[in-house]
Number of protein chains: 2
Amino acid sequence: MTDLKSAEGRHGVALLYLREDELRRGIELLFFGYRDFIAESDGELETLGLGRAHHRALHFIGRKPDLSVNELLVILKITKQSLGRVLKDLSARGLVEQKQGRRDRRQRLLRLTEEGNVLHTRLLTGQRARIARAFRDAGPEAVAGFRKVLAGLISEDERSRVLAMIGQGS
Amino acid sequence: MTDLKSAEGRHGVALLYLREDELRRGIELLFFGYRDFIAESDGELETLGLGRAHHRALHFIGRKPDLSVNELLVILKITKQSLGRVLKDLSARGLVEQKQGRRDRRQRLLRLTEEGNVLHTRLLTGQRARIARAFRDAGPEAVAGFRKVLAGLISEDERSRVLAMIGQGS
DNA sequence: GATTTTAAGTCAGTCATGTTGACATATATA
DNA sequence: TATATATGTCAACATGACTGACTTAAAATC
């Protein structure tokens with residue numbers, strides 16, 4: 001009855017799920033859900049003297065071995081200098097190694113060491129457990145919706161590229 | 001055929017959406033979707049010399065005026081010292097004001113000034129536009145699924161409290 | 001009424017992670 | 001040969017978190 005601003009479709013149909021407070025709920029759910037999901041690995045990382053930045057790099061390197069530094073920069077959207085520090089830490093701890101590219105010898109291709117892979121797997125397993133529980137509790141249709149909405153939140157000019165990188169579907 | 005680890009239900013039914021790579025996709029979608037969603041307000045904030053921390057505080061104060069400092073601390077899950085700096089900035093810029101609680105005079109109740117409310121509205125409008133587009137493109141069922149999954153990602157021991165705070169449903 | 005707990009604020013120091021800007025080196029490409 | 005690209009590095013700085021210690025005022029409890 002109240003608070004239906006910008007929630008009327010062009011046929012006068014009330015699009016209830018687009019009401020202001022429904023949008024606010026979506027925004028806040030994203031905040032709390034993301035926060036708690038991401039906080040999960042923190043304990044494990046802390047014992048190793050690593051942070052979330054290291055985790056992100058580890059994730060994308062583990063996911064696609066022989067990734068170039070530049071590809072990783074594009075994925076993470078941080079500066080070369082920021083990533084440089086992270087990679088130095090990971091190398092120093094023997095979690096990541098770099099080798100010269102064969103086709104392009106300017107490139108330094110990144111991959112996890114065996115030890116790095118162990119950590120990557122351990123962290124990923126924890127995150128998968130959490131998201132798997134949420135997925136299972138919510139059911140397959142909900143999961144499809146979850147993806148659809150998140151895909152729509154990705155910057156339009158990168159969406160197709162990002163979705164292609166993430167994998168089929170979406 | 002391949003990669004069905006932990007994706008078989010106890011009846012042997014392949015729960016495709018729980019396959020390892022589907023979970024990974026979910027994790028990555030969350031990363032990219034959240035990142036781009038959150039990055040949106042940054043420009044506007046930067047021109048004011050404010051950051052995301054200020055935005056979060058502003059959001060929850062605007063959303064529930066006369067919030068106590070402690071309530072805000074619980075919501076944001078940061079330390080008193082971190083919040084202190086943020087509130088000092090917001091007060092100094094005349095965006096937030098504090099008044100003594102009447103029932104409990106130890107409390108400092110927070111609310112936005114008129115100017116603070118203008119900024120809050122401006123930022124929220126931008127975020128709403130983005131999420132509204134994603135919601136509209138995805139449709140109501142997808143939105144319901146989006147919420148269901150995100151609610152499931154919230155820490156179990158706080159979930160009901162957080163969901164109650166966010167609002168009806170979910 | 002005295003004691004303890006709670007709400008809030010503050011000072012000081014540290015850490016993680018991001019930023020700019022400038023510059024160097026090796027290699028690929030035009 | 002000249003230019004562009006991929007990477008790395010030095011230095012300085014900003015933001016937003018943290019810990020630990022301590023204060024003040026008010027409420028709650030003994």
Side-chain angles (χ1 to χ4, degrees), chain A residues 31 34-35 38-39 41-61 66-93 96-111, chain B residues 31 34-35 38-39 41-61 66-93 96-111:
Chain A
F31 169 68
Y34 184 81
R35 184 192 64 176
I38 231 46
S41 335
D42 283 359
E44 225 158 339
L45 288 163
E46 202 184 1
T47 67
L48 297 161
L50 300 175
R52 292 173 183 182
H54 301 93
H55 186 184
R56 290 193 287 272
L58 204 69
H59 175 90
F60 287 105
I61 296 169
D66 287 340
L67 196 70
S68 76
V69 170
N70 208 20
E71 286 175 303
L72 188 50
L73 278 176
V74 169
I75 290 172
L76 297 175
K77 269 196 196 169
I78 57 176
T79 58
K80 187 172 51 164
Q81 295 90 326
S82 296
L83 180 57
R85 192 174 29 202
V86 168
L87 289 180
K88 204 160 73 176
D89 291 347
L90 292 173
S91 290
R93 278 174 178 72
V96 163
E97 56 190 9
Q98 318 199 4
K99 65 174 182 197
Q100 200 169 45
R102 274 189 308 173
R103 275 200 340 227
D104 185 337
R105 289 184 313 179
R106 287 172 305 181
Q107 294 185 326
R108 294 301 124 96
L109 306 182
L110 304 163
R111 55 166 59 231
Chain B
F31 169 69
Y34 185 80
R35 184 191 64 176
I38 232 46
S41 335
D42 284 0
E44 223 157 343
L45 288 163
E46 203 184 359
T47 66
L48 298 161
L50 300 175
R52 292 173 182 182
H54 301 94
H55 187 184
R56 290 194 286 272
L58 204 69
H59 176 92
F60 287 106
I61 295 170
D66 287 341
L67 197 69
S68 76
V69 170
N70 208 22
E71 286 175 303
L72 188 50
L73 279 176
V74 169
I75 289 173
L76 297 176
K77 269 198 198 166
I78 58 176
T79 58
K80 186 171 48 163
Q81 294 90 327
S82 296
L83 180 58
R85 192 178 29 201
V86 168
L87 290 180
K88 205 160 71 177
D89 291 348
L90 292 174
S91 291
R93 279 174 177 71
V96 163
E97 57 190 7
Q98 318 199 4
K99 66 174 180 195
Q100 200 169 44
R102 273 190 309 173
R103 275 199 342 227
D104 185 335
R105 289 183 311 178
R106 288 172 304 180
Q107 294 184 328
R108 295 300 124 97
L109 305 183
L110 305 163
R111 56 164 61 232

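Lettering of chains follows the sequences in order, A, B, ..., and the numbering in each one begins at 1. Heavy-atom basis, side chains included; hydrogens, waters and symmetry copies ignored.
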On a heavy-atom basis, which atom in [X] and which in [Y] lie closest, and how many Å separate them?
X: A:F60; Y: A:L72; answer: CB-CD1, 3.8 Å
X: B:L45; Y: B:G51; answer: CD1-O, 3.9 Å
X: B:L73; Y: B:I78; answer: CD2-O, 3.4 Å
X: B:L90; Y: B:A57; answer: CD1-CB, 4.0 Å
X: A:L87; Y: A:I61; answer: CD2-CD1, 4.1 Å

_Keeping A:E44 on the side-chain end and A:S41 on the backbone end, is there a donor-acceptor pair under 3.5 Å?_
no
*Interface with DNA chain D, restricted to residues 67-75 of chain B and to heavy atoms under 4.0 Å*: none
*asked:* For a side-chain contact (heavy atoms from CB on, under 4.5 Å) check, start with the C-alpha distance between A:V69 and A:L83, then their side-chain angles and the critical distance, and finish with the verdict.
replied: CA-CA 9 Å; A:V69 170; A:L83 180 57; 4.2 Å; yes
_Reading 5' to 3' through nucleotides 12-18 of chain D, protein heavy-atom contacts under 4.0 Å coded B for base, S for sugar-phosphate only, - for none_ = ----BBB
*nucleotides 25-30 of chain D: protein proximity per nucleotide (B base, S sugar-phosphate only, - neither; heavy atom, under 4.0 Å)*: BBS---
Please report, to 0.1 Å, the donor-acceptor pairs under 3.5 Å made by any side chain of residues 96-103 of chain A, with sequence neighbours excluded.
{"residue": "A:Q100", "atom": "NE2", "partner": "A:R105", "partner atom": "O", "Å": "3.0"}

*How would you label the contact of B:E46 with the nucleic acid (heavy atoms, under 4.0 Å): base, sugar-phosphate, or nothing?*
nothing
*Step by step, would you call A:R93 with A:D89 a side-chain contact (heavy atoms from CB on, under 4.5 Å)?*
CA-CA 6 Å; A:R93 278 174 178 72; A:D89 291 347; 4.0 Å; yes
*Relative orientation of the end axes in the helix from C:dG1-D:dC30 to C:dA30-D:dT1, expressed as an angle to the nearest 10° (five pairs per end)*: 30°
*Does some side-chain heavy atom of B:I38 sit less than 4.5 Å from a side-chain heavy atom of B:R52?*
yes
*Nucleotide range of DNA chain C contacted by chain B, 5' to 3', under 4.0 Å to a heavy atom?*
C:dT6 to C:dC11
